[in-house]
Each structure stands twice: as C-alpha cells, then as structure tokens.
There are 2 protein chains.
Amino acid sequence: MSDDDHAKEVTLGRIETEVALLMRLGEATRRGTGTMEHRLLDRAAYVILRHLDVAGPQNVSALAARLNLDGSTVTRQVSALQRDGLIARTPDPADGRGTVISATAAGLQRMAAVQAARTRLYGEMLASWSETDRDTLAELLHRLNEALDARNRRR
Amino acid sequence: MSDDDHAKEVTLGRIETEVALLMRLGEATRRGTGTMEHRLLDRAAYVILRHLDVAGPQNVSALAARLNLDGSTVTRQVSALQRDGLIARTPDPADGRGTVISATAAGLQRMAAVQAARTRLYGEMLASWSETDRDTLAELLHRLNEALDARNRRR
DNA sequence: AAAATTACCTGTATGATACAGCTATCTGGG
DNA sequence: CCCAGATAGCTGTATCATACAGGTAATTTT
C-alpha cells in the first residue's frame with residue numbers, strides 16, 4: 001500500500017469513527033434534552049413532520065420510502081401523530097387504497113418549535129466556530145448524506 | 001436581525017437538518033448492511049468493543065459514563081458479549097464491587113472486521129471526494145462531536 | 001374478469017434503552 | 001472500629017422504535 005493509500009485509509013477510519021460517535025452522541029443529546037422542548041416530539045414524529053413540511057401531503061408508502069422505514073412503522077407513527085392532532089388523514093381521491101397524510105397547523109408549529117430549540121442548541125455548541133467552518137460542516141454533511149442515501153437506494 | 005445573523009441562522013438550520021438526516025440514514029445503513037459483516041455485531045456491542053480497544057479494560061460504570069449509557073444497559077450488553085465470548089469479566093482487584101471488562105482476542109477481531117467493512121463502505125461512498133474534503137469532513141465531525149460531548153457532560 | 005400488485009393496517013417479535021429497587025462492598029466521620 | 005451513606009453492578013419492568021408476516025380492500029394488468 002502506498003503512502004497515499006495509507007493516508008486515505010486513515011482518513012476513512014476517522015470518518016467512520018466520528019460518524020459512529022455522532023450517532024451515539026446524537027441519541028444521548030436527544031434523550032438528554034427530553035425534559036425541555038424536545039420531549040414534545042419523539043424522533044420519528046419529528047422527521048415525519050419535517051418531511052411533510054418540505055414535501056407536502058403524501059401517503060404512507062411515500063413517506064416510508066423516503067424515510068427508509070417500513071410501512072407498518074410509518075402507519076403507527078402516523079396514528080400516534082393523528083391521536084395528538086399533529087397530522088390529518090384524508091382518503092386519497094386518486095386511489096381508494098391510499099390515505100393522504102398532511103401536517104396540521106398544530107403539527108407544523110410543534111415541529112418548528114423543536115427545530116428552533118435544536119438550532120439554538122447548535123448555535124450554543126458551535127458558538128466558537130468560524131462562520132466558514134460552520135458552513136463547510138453543513139456542506140460536507142449534506143454531501144455525506146447524499147452519498148449515504150444514494151448507496152441505500154441503490155441496494 | 002442583521003444579514004450576518006441571518007446567514008448564521010440559516011447555516012445552523014442546515015447543520016441541524018443534516019445531522020438529523022444522518023441519524024436516520026445511519027440507522028438505515030446499519031440495518032441495511034445487516035446481511036453482511038455487520039450483523040456480526042449489533043450497535044452497542046460495536047461501540048463497547050471499540051472503546052475497550054482504544055481505552056483498555058475498565059469496569060461497567062466507566063463504560064456507561066463514557067458511552068452516555070445507563071449502567072443497566074451496559075450490564076446487559078456486556079452480558080451478551082460475554083455469552084458470545086467477545087469480552088471477559090474479571091473481578092476488580094482494587095474494588096470488590098467492581099468487575100473489569102476486557103475485550104477478548106475474538107472480540108477485538110470481530111470488531112476489527114466490522115470496522116474494516118464500514119471503512120470500506122465509506123471508501124466506496126466517498127470515492128469521488130477529494131482527499132482534502134474527506135480530511136476536512138473527518139476534522140469537522142471530530143470537532144462537532146467534541147462540542148456535543150462537552151455539552152452533554154456539562155448538563 | 002381473473003390474476004397480480006399495491007396500500008394500508010394489525011399482530012407479534014426483537015432490540016436498545018431507562019428507571020427503580022436490590023445486594024454487596026467500600027469509605028469517611030464520630 | 002463501626003455505622004451511615006455512597007457506589008458498583010445486577011435484575012425486574014416499562015417504553016419506544018422498528019421489522020416482518022399476514023390480512024383486507026382497492027387498483028392495475030393481461
């Protein structure tokens with residue numbers, strides 16, 4: 001193995017390490033902030049509402065595919081969200097089997113509150129960072145996610 | 001709000017979005033690769049073995065504190081790992097209450113295999129990236145994790 | 001119009017985790 | 001030296017997120 005290959009290997013190992021760590025820390029953070037605004041929405045509820053916000057009303061299968069979740073999981077999450085009045089189910093006019101899920105005003109508001117709390121948290125944590133570094137992090141994370149997503153979908 | 005503040009806000013929002021997405025994609029990837037080398041170790045087992053590898057034998061409480069997990073969770077994970085012969089429990093000579101957890105050769109080997117598989121995966125996914133970008137990603141993720149960790153511990 | 005597919009739901013199982021309570025051990029102030 | 005309180009680890013129990021398998025109803029294909 002050449003020196004270059006070795007350096008590349010080391011870097012990939014570091015990325016692997018840091019992503020694994022981030023997963024754990026992210027979990028812990030989500031749980032730790034539970035007493036505050038976060039407990040308002042659990043994990044899946046948040047991502048579902050976010051997705052409905054950016055992508056608009058859609059049916060369960062579309063959500064499941066987009067979020068890499070089993071349909072049954074989304075069904076249950078959606079049921080819980082409906083119980084809490086955060087989403088509404090309406091029959092799909094174009095397909096009698098389908099139900100269209102749409103976020104309610106309350107749901108969007110709740111989601112926005114959690115989002116704001118989290119953004120604030122990142123603001124505090126990254127207060128000492130340069131704007132350039134923050135920007136670069138956002139950009140590289142975005143590209144990493146694209147790569148992960150592409151890989152997940154391909155297989 | 002000044003233009004600068006606004007830009008900062010936007011960047012933080014992007015980071016929040018991308019981290020949330022990464023959590024979901026990471027989960028999906030972990031599950032999706034389950035048929036291969038990954039199924040050899042479940043999530044917590046991997047991080048425990050990794051930590052034992054880098055930080056050496058230690059007792060349950062130390063592991064729990066380091067990994068931001070409840071002691072009971074670590075106890076159970078460790079029991080499963082012991083059942084599979086991947087770690088060994090020995091009484092702590094310095095403290096009759098404690099048990100020292102150490103990775104076995106089999107455990108380290110298993111962990112290394114998973115690590116290699118994941119590193120390979122990142123290599124494929126990030127094949128088109130420049131070495132500079134990969135390096136920057138590793139560095140910024142590291143700093144992000146430090147920030148998250150500091151925040152978790154403070155509270 | 002029968003067959004195949006799709007959408008959603010429900011039953012059931014698994015895994016990771018937390019919290020509360022237990023026992024054994026340790027430690028520091030009288 | 002001894003007891004009160006702290007600590008280490010374990011076990012019981014609960015919750016949550018998720019998957020897979022199977023069911024029903026509606027749709028699409030042939």
Side-chain angles (χ1 to χ4, degrees), chain A residues 20 23-35 38-49 57-84 87-101 152, chain B residues 20 23-35 38-48 57-84 87-102 152:
Chain A
M23 302 278 292
R24 276 239 39 79
L25 285 170
E27 263 304 297
T29 304
R30 189 179 65 81
R31 234 185 306 281
T33 42
T35 15
H38 285 64
R39 185 47 47 86
L40 296 174
L41 282 180
D42 50 33
R43 171 169 47 182
Y46 179 62
V47 289
I48 288 177
L49 282 172
Q58 56 199 283
N59 58 30
V60 175
S61 322
L63 275 173
R66 193 50 164 62
L67 304 176
N68 274 303
L69 289 171
D70 191 86
S72 65
T73 301
V74 175
T75 291
R76 282 176 238 268
Q77 295 292 350
V78 160
S79 299
L81 285 166
Q82 185 181 32
R83 171 176 38 72
D84 297 345
I87 61 98
R89 273 179 166 119
T90 50
D92 187 336
D95 186 336
R97 296 163 302 179
T99 33
V100 178
I101 312 301
N152 278 343
Chain B
M23 302 278 292
R24 277 239 38 79
L25 285 170
E27 262 303 298
T29 304
R30 189 179 62 83
R31 235 185 304 283
T33 42
T35 16
H38 286 64
R39 186 46 49 84
L40 295 174
L41 280 181
D42 51 34
R43 171 168 47 182
Y46 180 60
V47 289
I48 288 176
Q58 55 199 284
N59 57 30
V60 175
S61 322
L63 275 172
R66 193 48 164 64
L67 303 175
N68 273 301
L69 289 171
D70 190 86
S72 65
T73 302
V74 175
T75 291
R76 281 176 237 268
Q77 296 292 349
V78 160
S79 299
L81 285 166
Q82 185 180 33
R83 172 177 36 74
D84 297 345
I87 61 98
R89 273 178 166 118
T90 51
D92 188 336
D95 185 337
R97 296 164 301 179
T99 32
V100 178
I101 312 302
S102 51
N152 277 344

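Naming: A, B, ... by sequence-line order, numbering from 1 per chain.
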message: Looking at every heavy atom in both A:P57 and A:V100, which two are closest together, and how far apart are they?
response: CB-CG1, 3.7 Å

Audit row: A:D92, A:T99, side chain to side chain contact (heavy atoms under 4.5 Å, CB included) steps and yes/no: CA-CA 5 Å; A:D92 187 336; A:T99 33; over 6 Å; no

field: Interatomic spacing from CD1 in A:I48 to CG in A:L63 - rounded to 0.5 Å
entry: 6.0 Å

message: Heavy atoms from C-beta onward define the side chain here; which of D:dG9, C:dC8, D:dT18 lies closest to that of A:S61?
response: C:dC8

- prompt: Is B:S72 side chain donor-acceptor paired with the C:dC19 base, going by distance under 3.5 Å alone?
  reply: yes

query: Between D:dT27, D:dA8, C:dC9, which nucleotide has the shortest distance from any of its atoms to the side chain of A:T99?
result: C:dC9

message: Does D:dT18 have OP1 or OP2 under 4.0 Å away from a side-chain N or O of A:Q77?
response: yes

- prompt: How about B:R89: does its CZ atom have over 12 heavy atoms from other parts shown lying under 6.0 Å from it?
  reply: yes

Integer-rounded Å distance: C:dC9 C1' and A:Q82 CD: 13 Å

- request: Check if the side chain of A:R97 and the base of D:dT27 share a donor-acceptor pair of N or O atoms closer than 3.5 Å.
  value: no

query: Pick the nucleotide of DNA chain C nearest each of A:D70 and B:T73; which residue has the one closer to the 5' end?
result: A:D70

Euclidean distance, atom CG of residue A:N68 to atom C1' of D:dT18 [Å, nearest integer]: 13 Å

